[in-house]
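On a predicted model such as this, the values are computed, not experimentally measured, just so you know.
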Amino acid sequence: MPASTQEIRFHINGKEHVVPKFSPPTTLNDYLRQTAGLKGTKVMCREAGCGTCAVTVSHVSPDSDTVDTYSVQSCLTPLYTVDGWQITTVEGIGSQRDGFHPIQDRLAKFSGTQCGYCTPGMVMNMYGLLHQQPNITAQEIEDNFDGNMCRCTGYRPILDAMKSFAHGSGIPGAKAIDIEDLNKKLCPRTGEVCKGEQEGRGGTKSLEVEVNGTRWYRPTSLEELGTILRAQKDKKVKLIFGNTAAGRPTSLEELGTILRAQKDKKVKLIFGNTAAGIFKNEGHFDVYVDLHRVKYIFSYQVNGDSVRLGAATSLTSMMNKLKANQNKPGFRYFSAIVRHLKVIANVMVRNSGCIAGNLMIKHAHPDFPSDVFTFLEAAGAKVEIYDSVTSKFSSCPLVEFLREVNMAGSVLTAVTLPKLEDNVVFQSFKITPRWQNAHAYVNAAFKIAAENRTIKGRPSLVYGGINAETVHATNTENFLENRTLSAAVVKEALDILREELQPEYDQTLASPKYRRELSGSLLYKVLLGIYKPDDPRLRSGPDHLHRPISSGLQTYQEIKTEFPLKEAMPKVTAPLQASGEAQFVNDIPTFQQELFGAYVLSDQASAMLDATDASEALKIPGVVAFLTAKDIPEGGTNNYLTSFGMHQFQQHQEIFASKEISFAGQPVGMIVAETQSLANAAAQKVKMTYSDIQTPILSVEESIAAGREYPFPQSEKIVGEPDEAWKSVEHTIEGECRMGSQYHYYLETQVSLAVPSEDGIDVYTACQFPSMNHIIAAEVIGKPLNFINMTVPRVGGAFGGKLMDACSVTGAATLAAYVLGRPVRVSLDMSTNVRMCGKRAANLARYKAGFSASGDLQVVDLDFYLDCGYTPNSAPELIHIVAYIDMAYYIPHWKIRSHPMFSNKQTCSPVRAPGSVPAAFVIESIMEHVAKVLNKHPVMVKELNLYEQHQTDLHGHAMTHCTIREVWRRLKDTAEVEGRIRQVDAFNQENLWKKRGITMTSVKYGVAYFGNGFTANVSIFAQDGSILVSQGGVEMGQGLYTKLAQGVAHSLGVPIDKVKVRPTQNIISPNNWGSGGSVSSELATQSAIGACNILKERIQPIREKFPDLDWKDLCGKCITSNVDLSAKYTNTENIGDPLFNYFIYCAAVIETEVDILTGESQIRRVDMMCDFGESLNPTVDIGQVEGAFVMGLGCYLSEDILFDGTTGRILNDGTWEYKPPTTKDIPIDWRIHLLPDTPNPVGIRSSKATGEPPICLSVGALLANKLAINSARKDLFDADDYIPSVAPFTVERAQQSVGLTTENFIV
């Protein structure tokens, strides 16, 4: 074995780091944030699913002397794999001190940031892409932003900013970048790009480290690897094919040495470690072996009859190598594999993960739907395996590798793809819950030799996602062998396939019925493509949905007389967000003696907690305490919801469960330890015992059946004379709408930091309601409120989720700091956050509606059931639903009954537009139902029912200033709706298996100035005239700081760069209301303007006395004249009469396309028009429109919470299972218009709120998909029935609502 080292060396942003010994599972992200102090790199999921942790790495390619540079997710990159590497973080490429990098600058100027938590990851992904492809195209950029999640922006401005670096993108402000301008950090020793080759840097040396009995190896040859494996044959060994390590061999010989030496141990071979994001609990390994330096397994050979790829070839490299050969005879099928590779995981996983890693996941977990295995097996590929015991190679087909080869002590070394005959059709599929970065419902690959319509020989039909045993559809293969296709043959083949595929049931997967039928659809697509049908309506059936490059258009009016207020400008803090310098709570540097908390959560939903046993956890060195309800001091309160102002809660919600367990995920205690990772691990060791375990109630229907309705004083609302109205209606309909839940998916999880001070506790928390958190922090320890100093920096997304649930985390952190006398930080991992916190309430609406023959809706009778969770504290949401239920439609007669229902879930939480989202879903569905019965297009029926200015809504508001008909008319004309309806009809007549739908939706959104407003303090510094503002509103991405700075600058007549806004503090703004309801920005801005008016009044005598002084000198004169240049003002607005202060009016046109065979869909075009009055900042407000709309797409199309029916535990508590929209789920063509010349007569500065109304419009995507499916059902079955609305209307639900059978698969 060659010379080895026991330390690793690498460079971060050009600075060398020497690391002697860390725990082998330590990740690069852990080191960057906790040791290097580089907090610009964020962390959220630790599953490679969100992209917030992205960094760029450079190292010498194992099979050449070139340097590879690419982006990776640092949360899964083991620290020991980066030996000899150059790491670049967001801090290393630009800053406000050194100047911003072009990517940072461009993203800020394109308004591609809101909360900013995802922004550094976006920047670093682009940084890596430009190094990989300096001449990148716009299409390639869109293809490679599949691993970066953003809940705020709707992605459009981010994509535009990044595509502006593409040659010929056509985007305004576009400019390609020179490679030199990328400013990659250089090795300080050589002045060149760090290659990791210098003596002592470990780049080419073997590595052997032992920490607490766990070994890490880096062999440099296959022989060395074999030695290691043989020695560890009885131990748990992990070979790291992507990103985890402890030994690093540099040859196959060295690898063999390691494996032989570890033959009795659990060994992990490491390359990309991307599997750790899927299988998170594979247990402790005795030995880790990093394979990055074993050159043999990176080999690449193109032969006359095959292409050989080393097993450690990354998926990105595999894609590039296959793409280079896809135009050669016999290898043209590579283009299908390249297409498939693009939808495996995301770009950073593909950069890190390799062929062997993916195949070894499949080997260890045969039920895993491995895309790589599926298409390689269908192609007839073979794998090469190195046996460390015999030091011999063998080759076998993929199925044999999966079922017969024991891989203990062996290593995958290569994959060989064969040359295929020209008559071979090769096609693969991956059908997923969203467009990208998602595992498959079903994946499949087909290799079929055919001449004309005759199949030659035996086809290869390979499926994944069925069950652990199924690989080939063997019986179907046998049947199709040498068959000539006909309608009868195709039908019989599909019948055989249906019989032989038996998908297993799994609560987190699509239904077995859908997966079986989907499998048939995929085979039909291929057979239809071979058959080449004469009927032109069938010819689009085999095709995938084609998604072109997305684009956007925005039009708006600026009020130049009030600049910088009402000026379209990016957020003032955007550059700091893009450079990673914007500080969030978890970025605050660690205090001396700081401890970290991790919750222990119940794993039952309905039981009595008898005991908790933390003895095993407390034995772990570094674990300090286990806190429960018993540790709350005398006088303290075990409750995190206290009544405050208009928030009156009916039931306490405990910080730690004392006895009764009401939902799975309920906190029972908290481990406190020296590090976060240690606390998280120890929390898993705590045991709980229960009694009286009951079957949980987990749905509205179960709650109704059990009679678990909460008492509710406002249970019925009657408008007009509904009983009389029923006597005169011409038509009636009855139906129901069902909506699931939605997780907020803020990228900064709940976090709070409590630090004991000399006479109190300083609390830093990420919340929307500082005053409520302040109260809870004091009450849990029984102290007066002036014992707590509360600071709220910017928040990394909230959407309602940090109004109440943040109080629980703040209370727990404060309690721990008080009891232990040390700083305590509580930062939730994603799983804990999902399980513990409230979400959007699931609901059920049962309706009856009466209407005229023209479609005039006259009366609605409605029962609305809301899943409140285990307390009735969220029942008032029903008031909001009723308040919005009419939306933009005038219906004179209503009878509405509200039903708050119990369930064994966390109390539901406000989620962006909590009342209006279900209200829009119900009323829009009713309108579409009416249209279906009357055989009219829904646009016609909706237009007929829109409010007019002389009318009064169902709550008594006069519609005097209603602009909905103007918005609708302008939008309908601008979007050419009537012509496009005809185009959609024509398309549907010409196509059976692809269908389009188009509809319009509208919003009348009432805005209420609830609460007691915000306090603003404006301070002018006389020496230079700079201005500092602190106020009670929380900046969480909505642009509050920017609008406030604009307002102050306009009011005082100074440039906006004179103004800075500081974090919220209870000393400055006590007793303020929570930030929510979309009104925080305007209320805070008005408070700041009020303070400025006070200052202007004080300054005015000095200005009159010295009219020629500039601002700086004027401020100086004020001080010498004893003028106080600090003023405070609280703007309080009375709530509207009877409910709202004003209304926002919006409309949208949504056109979608659906693949009827699979249920996949895409949003072809969206046109929106919004009446936002005189926007305080059109750029910021359009960002709110886009972010809200895309969040609504998730709610209505893809997102829901899944529960275990026995325990009540949430099953999709990570990025692997929970799927919000990504960059390719947004509209392809997206046009947004702000209605001009419509000042709001009752709004602050003539403006209107913006953050929530647009989310309601996105229900149109669901409804358009239903219209497309109606067209298919009409063609297939002559059906005219109405499809009930169910949200989310997932890919599965879309396909299943068609009702296909094999009889429909005509050729």
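- The two residues Gly147 and Asn346 come nearest to each other via the heavy atoms CA-CB, 3.3 Å.
- For Gln502 against Asn467, the heavy-atom pair with the smallest separation is O-ND2, 2.8 Å.
- Partners of Pro366 under the side chain to side chain contact (heavy atoms under 4.5 Å, CB included) rule, at least two apart in sequence or in another chain, are Ala468.
- Remark: the backbone N or O of Arg515 is paired with a side-chain donor or acceptor of Ser519 at under 3.5 angstrom.
- Checking side-chain atoms of Asn358 against main-chain N and O of Gly353 turns up no donor-acceptor pair under 3.5 Å.
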* To do: Quick one: do Leu309 and Tyr300 satisfy side chain to side chain contact (heavy atoms under 4.5 Å, CB included)? Show the steps, please.
  => CA-CA 5 Å; Leu309 298 170; Tyr300 169 52; 3.5 Å; yes
* CA sep, side-chain torsions, deciding dist, call: Lys392, Asp387, salt bridge (Lys or Arg N to Asp or Glu O under 4.0 Å) -> CA-CA 6 Å; Lys392 292 183 178 179; Asp387 186 334; over 6 Å; no
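- Between Phe446 and Phe429, the ring-plane angle classifies as perpendicular under the 30° and 60° cut-offs.
- Distance check, rounded to the nearest 0.5 Å: CG of Asn325 to OG of Ser335 gives 12.0 Å.
- Summarising the geometry of Ser428 relative to Ala336, their closest heavy-atom pair is OG-O, 3.7 Å, with the distance given to 0.1 Å.
- Here Lys321 pairs with nothing under the salt bridge (Lys or Arg N to Asp or Glu O under 4.0 Å) rule; sequence neighbours left out.
- Because its NZ or CZ atom is both nearer than 6.0 Å to the ring centre of Phe373 and within 45° of the ring axis, Lys362 counts as a cation-pi partner of that residue.
- Among residues two or more places apart in sequence or in another chain, the ring pair (Phe, Tyr, Trp, His ring centres under 6.0 Å) test is passed with Phe393 by Tyr296, Tyr386.
- Judged by the 6.0 Å and 45° rule, Arg332 forms no cation-pi pair with Phe334.
- With sequence neighbours excluded, no residue forms a salt bridge (Lys or Arg N to Asp or Glu O under 4.0 Å) with Asp68.
- Legend: residues meeting side chain to side chain contact (heavy atoms under 4.5 Å, CB included) with Thr1290, ordered by chain and number and at least two apart, are Tyr441, Pro1288, Glu1292, Arg1293.
- Between the side chain of His340 and the main chain of Phe375, no donor-acceptor pair closer than 3.5 Å is present.
- Side-chain contact annotation: Thr1223 with Glu142, donor-acceptor N/O pair under 3.5 Å absent.
- Listed by chain and residue number, nothing satisfies the ring pair (Phe, Tyr, Trp, His ring centres under 6.0 Å) test with Tyr531 (two or more places apart in sequence, or in another chain).
- Put simply, the side chain of Lys525 never gets that close to the backbone of Ser521: no donor and acceptor are under 3.5 Å apart.
- Taking CZ from Phe401 and NZ from Lys382, the interatomic distance works out to 15.5 Å, rounded to the nearest 0.5 Å.
- Between the side chains of Glu1160 and Thr1158, at least one donor-acceptor pair of N or O atoms lies under 3.5 Å.
- Between the side chains of Glu517 and Gln1296, at least one donor N or O sits under 3.5 Å from an acceptor N or O.
- With values rounded to the nearest 0.5 angstrom, Ser71 atom OG is found 12.5 Å from Met122 atom CE.
- Atom-to-atom distance recorded for Glu469:CD and Arg403:CZ is 8.0 Å, nearest 0.5 angstrom.
- Between the CD1 atom in Ile496 and the CG atom in Leu480 there is a gap of 7.5 Å [rounded to 0.5 Å].
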* Does the side chain to side chain contact (heavy atoms under 4.5 Å, CB included) test come out yes or no for Leu315 and Ile344, once each step is laid out? -> CA-CA 9 Å; Leu315 299 186; Ile344 295 179; 3.9 Å; yes
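- Looking only at atom types and distance, the side chain of Ser314 has no donor-acceptor partner in the side chain of Asn351 under 3.5 Å away.
- Remark: His472 engages no residue in a ring pair (Phe, Tyr, Trp, His ring centres under 6.0 Å) (not counting sequence neighbours).
- Of the residues listed (Arg350, Lys342, Arg339), the one engaging Asp143 in a salt bridge (charged side-chain N to carboxylate O under 4.0 Å, His left out) is Lys342, and it is the only one.
- For Arg308 (side chain) and Leu417 (main-chain N/O), no donor-acceptor pair under 3.5 Å exists by modelled atom type.
- In this structure, a donor-acceptor pair under 3.5 Å is present between the side chains of Glu384 and Thr413.
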* To do: Mind running side chain to side chain contact (heavy atoms under 4.5 Å, CB included) on Leu376 and Val462 for me, showing each step along the way?
  => CA-CA 10 Å; Leu376 288 180; Val462 179; over 6 Å; no
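- Taking the side chain to side chain contact (heavy atoms under 4.5 Å, CB included) definition, one finds that Asp305 meets it with Asn303, sequence neighbours left out.
- By the salt bridge (Lys or Arg N to Asp or Glu O under 4.0 Å) test, Glu377 is found to be paired with no residue, residues two or more places apart in sequence or in another chain being considered.
- If you check the side chains of His292 and Asp290, you find a donor sitting under 3.5 Å from an acceptor.
- Under the 3.5 Å distance criterion, with hydrogens and angles disregarded, no donor-acceptor pair is assigned to the side chains of Thr1222 and Asn437.
- The ring pair (Phe, Tyr, Trp, His ring centres under 6.0 Å) test applied to Phe426 returns Tyr333, not counting sequence neighbours.
- Asn991 and Lys994 are not linked by any side-chain donor-acceptor pair at a separation below 3.5 angstrom, with hydrogens and angles left out of the test.
- Under the 3.5 Å distance criterion, the side-chain polar atoms of Arg498 are left unmatched by any main-chain donor or acceptor of Ala493.
- Although no hydrogens or angles enter the test, the distance criterion places a donor-acceptor pair under 3.5 Å between the side chain of Arg434 and the main chain of Gln436.
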* Asked: Given Thr69 and Gln132, is the side chain to side chain contact (heavy atoms under 4.5 Å, CB included) satisfied, shown in steps?
  -> CA-CA 6 Å; Thr69 298; Gln132 288 175 296; 5.9 Å; no
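- Using a 3.5 Å distance cut-off with no hydrogens or angles, the side chains of Glu140 and Asn144 do not pair a donor with an acceptor.
- Heavy-atom minimum distance, Ala54 versus Gly121: CB-O, 3.6 Å.
- When atom types are taken as modelled, the side chain of Gln73 and the backbone of Ala48 share a donor-acceptor pair closer than 3.5 angstrom.
- Summarising the local packing, NZ of Lys1224 is surrounded by more than 12 heavy atoms from other residues, nucleotides or ligands at distances under 6.0 Å.
- With sequence neighbours excluded, no residue forms a salt bridge (Lys or Arg N to Asp or Glu O under 4.0 Å) with Glu500.
- The two residues Leu461 and Leu523 make their nearest non-hydrogen contact at CD2-CD1, 4.1 Å.
- Every residue meeting the side chain to side chain contact (heavy atoms under 4.5 Å, CB included) condition with Lys456, not counting sequence neighbours, appears here in chain and number order: Asn423, Ala449, Glu451, Thr454.
- For the residue pair Thr1302 / Asp495, a side-chain donor-acceptor distance below 3.5 Å is found, with atom types taken as modelled.
- Smallest separation of non-hydrogen atoms from Ala440 and Lys430: CB-CG, 3.8 Å.
- In terms of modelled atom types and a separation under 3.5 Å, the side chain of Tyr155 and the main chain of Pro1221 share a donor-acceptor contact.
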